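Predicted, not measured: the structure shown is a model, and the values here were computed from it. We're numbering straight along the sequence, starting at 1.
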Amino acid sequence: MKEPVLVVGLGGAGCKLAINIKEKLGYDCLLVSHDARDLNHDASKILINTSPVLNPSAYLIRGVSFGARGSMEAKINGYSTIMIIANLAGKSGAALAPVVSQIGKELGKSILSFGIMPFKFEKDRIFFSGVSLKRLKANSDCTVIIDNDALLESNPDLTPDACNVITNSALAHVISTLKNSSLPLQTSILSTSKDISDIETSLRDSIKMLYEDVSANSIKKTLMYVVGGNKVPIGILNSMVNTISGIFGNDSTRVSMSVTAGENSKVVLLTSIEGETRFDRYDPLGFIPKENVLDWDEPDASVKIDLNLDQIE
């Protein structure tokens, strides 16, 4: 990351996380959403005004956002690194992530993006979030994917709200350590566990969440954050590194550890991958090469236009 850094929060969850990162790291912050309630924070903001439509579609939000392109360019232009945080399960996040990342790419900025994927039972959102993620990855130097559904599948006793709290906390922890660590310029999966006293069980649950999204041979590098690791015996920490290296079983897979202080013990895995993930299957047309996709640079948008045409019978 090159300073100055601008954290851009898109949609409700993205705005909350961006404000949290601003308070922890002191970076400037920009909030963008179609819902004025998401922008009720002390930060720079842009409202994508879809009035008079009360419940706009994601396509409409995306279309209207092109009218605010000049404002977004002016806000972004003074920064070297743009950190985009978007809940791709929400309409604003999925609609705006491709647009904002494209603006940053065209301005020559370093783009670091974090995308939160929907639960599998949110079937009406899966396709649009998959398409949005594909565009976000294409525009970003580094993309970190957080899959709430994988956490829910590995912990079926959790509620959706509890999953959101856990993954948002893990995401905030990883971002808060970026000044002291680095991320590879590729796609990464963020996996974690609920707060439990046994740190080795937390590691097992984090690996289980990871395997919901990727296969073992796709894993190229893993950074293991041990939150509360300052209270864990050295022998256990060493055993955890050896265990995870043995599980992946690939000599080219690198495993490193970062120990941080915390009230509760938890493992957060940030895993760099190559190849296909289950998110690529969210878009059934994803196998079409980019050069054969007509709307790749300017994604589909739907804007209501009243042409006042008389009906001819």
Side-chain angles (χ1 to χ4, degrees), residues 1 3-116 128-129 131-133 135-136 138-141 143 168 171-172 175 297-305:
M1 295 198 332
E3 294 191 343
V5 177
L6 177 66
V7 183
V8 182
L10 305 178
C15 289
K16 291 178 182 177
L17 285 166
I19 290 295
N20 189 6
I21 298 307
K22 174 190 175 185
E23 294 172 349
K24 286 187 176 182
L25 300 182
Y27 292 144
D28 290 342
C29 183
L30 171 63
L31 310 180
V32 188
S33 179
H34 80 287
D35 191 338
R37 294 171 295 183
D38 298 337
L39 308 179
N40 190 23
H41 300 280
D42 183 18
S44 180
K45 61 197 72 174
I46 296 176
L47 175 65
I48 306 301
N49 190 359
T50 58
S51 177
V53 180
L54 296 178
N55 185 25
S57 68
Y59 294 101
L60 176 60
I61 296 169
R62 179 184 289 170
V64 174
S65 71
F66 287 112
R69 184 184 178 93
S71 300
M72 287 189 275
E73 287 180 348
K75 297 284 188 182
I76 290 174
N77 204 27
Y79 297 87
S80 298
T81 300
I82 309 301
M83 185 187 301
I84 298 173
I85 306 176
N87 179 14
L88 302 184
K91 289 191 293 186
S92 269
L96 298 173
V99 178
V100 176
S101 59
Q102 180 69 25
I103 292 173
K105 181 180 180 182
E106 292 175 355
L107 293 175
K109 310 300 180 182
S110 296
I111 307 295
L112 173 59
S113 59
F114 297 84
I116 304 172
F128 198 88
S129 67
V131 173
S132 182
L133 176 63
R135 300 183 189 280
L136 183 62
N139 294 332
S140 301
D141 297 291
T143 302
N168 289 355
L171 174 60
I175 295 177
D297 291 326
E298 291 195 10
D300 284 341
S302 173
V303 181
K304 181 177 176 58
I305 301 176

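- For Ala95 against Arg62, the heavy-atom pair with the smallest separation is O-NE, 3.5 Å.
- Across all their heavy atoms, Gly93 and Ala86 have their closest contact at O-CB, 4.0 Å.
- Screening residues 21-30 for salt bridge (Lys or Arg N to Asp or Glu O under 4.0 Å) gives no qualifying pairs among residues at least two apart or on separate chains.
- Across Ile48 and Ile61, no two heavy atoms sit closer than the pair CG2-O, 3.8 Å.
- With values rounded to the nearest 0.5 angstrom, Ser129 atom OG is found 11.5 Å from Leu136 atom CG.
- Between the CD1 atom in Ile84 and the CG atom in Leu6 there is a gap of 9.5 Å [rounded to 0.5 Å].
- Ile111 contributes atom CD1, which lies 9.5 Å from atom CD of Gln102 (distance to the nearest 0.5 angstrom).
- Taking every heavy atom of both residues into account, Val32 and Met72 meet most closely at CG1-SD, 4.5 Å.
- With sequence neighbours left out, Tyr79 forms a ring-ring contact (aromatic ring centres under 6.0 Å, His included) with no residue at all.
- One distance of note links OG of Ser44 with CG of Leu39; it measures 10.0 Å at 0.5 Å rounding.
- Residue Cys15 is tested with Asp38, Leu30, Leu10, Val8 for a side chain to side chain contact (heavy atoms under 4.5 Å, CB included); the sole match is Asp38.
- For the atom pair CG (Leu88) and OG (Ser113), the distance works out to 8.5 Å, reported to the nearest 0.5 Å.
- Here OG of Ser140 is found 11.0 Å from CD1 of Ile82. Values are rounded to the nearest 0.5 Å.
- Between the side chains of Asn87 and Lys16, no donor-acceptor pair of N or O atoms lies under 3.5 Å.
- Remark: Ser101 pairs with Asn139 by the side chain to side chain donor-acceptor pair (under 3.5 Å) rule, at least two apart or across chains.
- For residues 68-86, the salt bridge (Lys or Arg N to Asp or Glu O under 4.0 Å) pairs, not counting sequence neighbours, are Arg69-Glu73, Arg69-Glu106.
- The side-chain contact (heavy atoms from CB on, under 4.5 Å) search around Leu25 returns Ile21, Tyr27, Ile175, Ser176, not counting sequence neighbours.
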request  = Take Lys105 and Asp141 through the test side-chain contact (heavy atoms from CB on, under 4.5 Å) and record every step on the way to the result.
outcome  = CA-CA 9 Å; Lys105 181 180 180 182; Asp141 297 291; over 6 Å; no
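- The two residues Val99 and Ser65 have their closest heavy-atom pair at CG2-OG, 3.7 Å.
- Listed here is the closest heavy atom pair of Lys45 and His41: NZ-O, 2.6 Å.
- For Asp35, the side chain to side chain donor-acceptor pair (under 3.5 Å) criterion is met by Arg37, not counting sequence neighbours.
- The shortest distance between side-chain heavy atoms of Leu171 and Ile85 falls below 4.5 Å.
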